[in-house]
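Below you'll find the structure, written out as structure tokens, and then a few comments.
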Amino acid sequence: LPISARGAPAGARPAAIEYWEYTHRGGTGNGPKENQDTYFTIKIDEDNWVFAVLDGHGGDNGRIASQAASRAMQAYLRPNFHICAASQSR
């Protein structure tokens, strides 16, 4: 089959992607717990998306930790995704 520049068979339609988020409040069942998880999606370009889930790990600062990690990952991945992708093709 002829292959297009994007690696798909010539004339192929792009795949549709659907995604949902669902989260579960953690804990031991001894009263209400704060959900400390954070998630994000980034559409890098037509061929690349990033999906991330960050676990809050409990304690007093679990939410702060997951949110800080989310911000740091997004700040790095948006301008540097091409570096990550290039290292995977070696």
Side-chain angles (χ1 to χ4, degrees):
L1 291 174
I3 302 295
S4 71
R6 294 170 62 180
R13 293 180 19 196
I17 296 176
E18 293 184 39
Y19 60 94
W20 297 265
E21 65 89 12
Y22 173 81
T23 187
H24 178 268
R25 193 179 300 186
T28 61
N30 297 327
K33 300 287 182 178
E34 175 187 22
N35 185 346
Q36 299 178 337
D37 301 344
T38 301
Y39 72 94
F40 67 86
T41 61
I42 302 172
K43 182 177 181 182
I44 301 295
D45 56 34
E46 288 301 313
D47 296 320
N48 296 286
W49 287 69
V50 175
F51 296 85
V53 177
L54 299 101
D55 188 355
H57 288 282
D60 293 336
N61 298 311
R63 179 179 51 82
I64 295 168
S66 68
Q67 290 175 346
S70 174
R71 286 190 301 272
M73 289 176 69
Q74 291 181 66
Y76 178 80
L77 287 170
R78 288 180 193 278
N80 296 299
F81 182 83
H82 64 284
I83 296 169
C84 300
S87 70
Q88 292 297 314
S89 64
R90 290 187 223 161

Quiz prompt | Other residues, nucleotides, ligands: >12 heavy atoms within 6.0 Å of Phe51 CZ | solution = yes
Exercise. Without swapping roles, check the side chain of Asp37 against the backbone of Gly56 for a donor-acceptor pair under 3.5 Å.
Key: yes
Quiz item: Roughly how far apart are Tyr39 OH and Ser66 OG, rounded to 0.5 Å?
Solution: 12.5 Å
Self-check item: Closest approach of Ile44 to Leu77 (non-hydrogen atoms, all atoms of both residues)
Solution: CD1-O, 4.3 Å
Quiz item: More than 12 non-hydrogen atoms from neighbouring residues, nucleotides or ligands closer than 6.0 Å to CG on Asn80, yes or no?
Solution: yes
Quiz item: In terms of side-chain heavy atoms, does Gln67 have a donor or acceptor partner in Arg71 at a distance below 3.5 Å?
Solution: no
Quiz prompt | Nearest-0.5 Å distance that lies between atom CG in Asp45 and atom CD1 in Ile42 | solution = 12.0 Å
Quiz item: Which distance, rounded to the nearest 0.5 Å, do you find between the CG of Leu54 and the CD of Gln36?
Solution: 12.5 Å
Practice problem: Applying side-chain contact (heavy atoms from CB on, under 4.5 Å), run through Met73 and Val50 and close with a yes or a no. | Solution: CA-CA 10 Å; Met73 289 176 69; Val50 175; 5.9 Å; no
Quiz item: With the 4.5 Å side-chain cut-off for hydrophobic clustering, are Phe40 and Tyr76 part of the same group?
Solution: yes
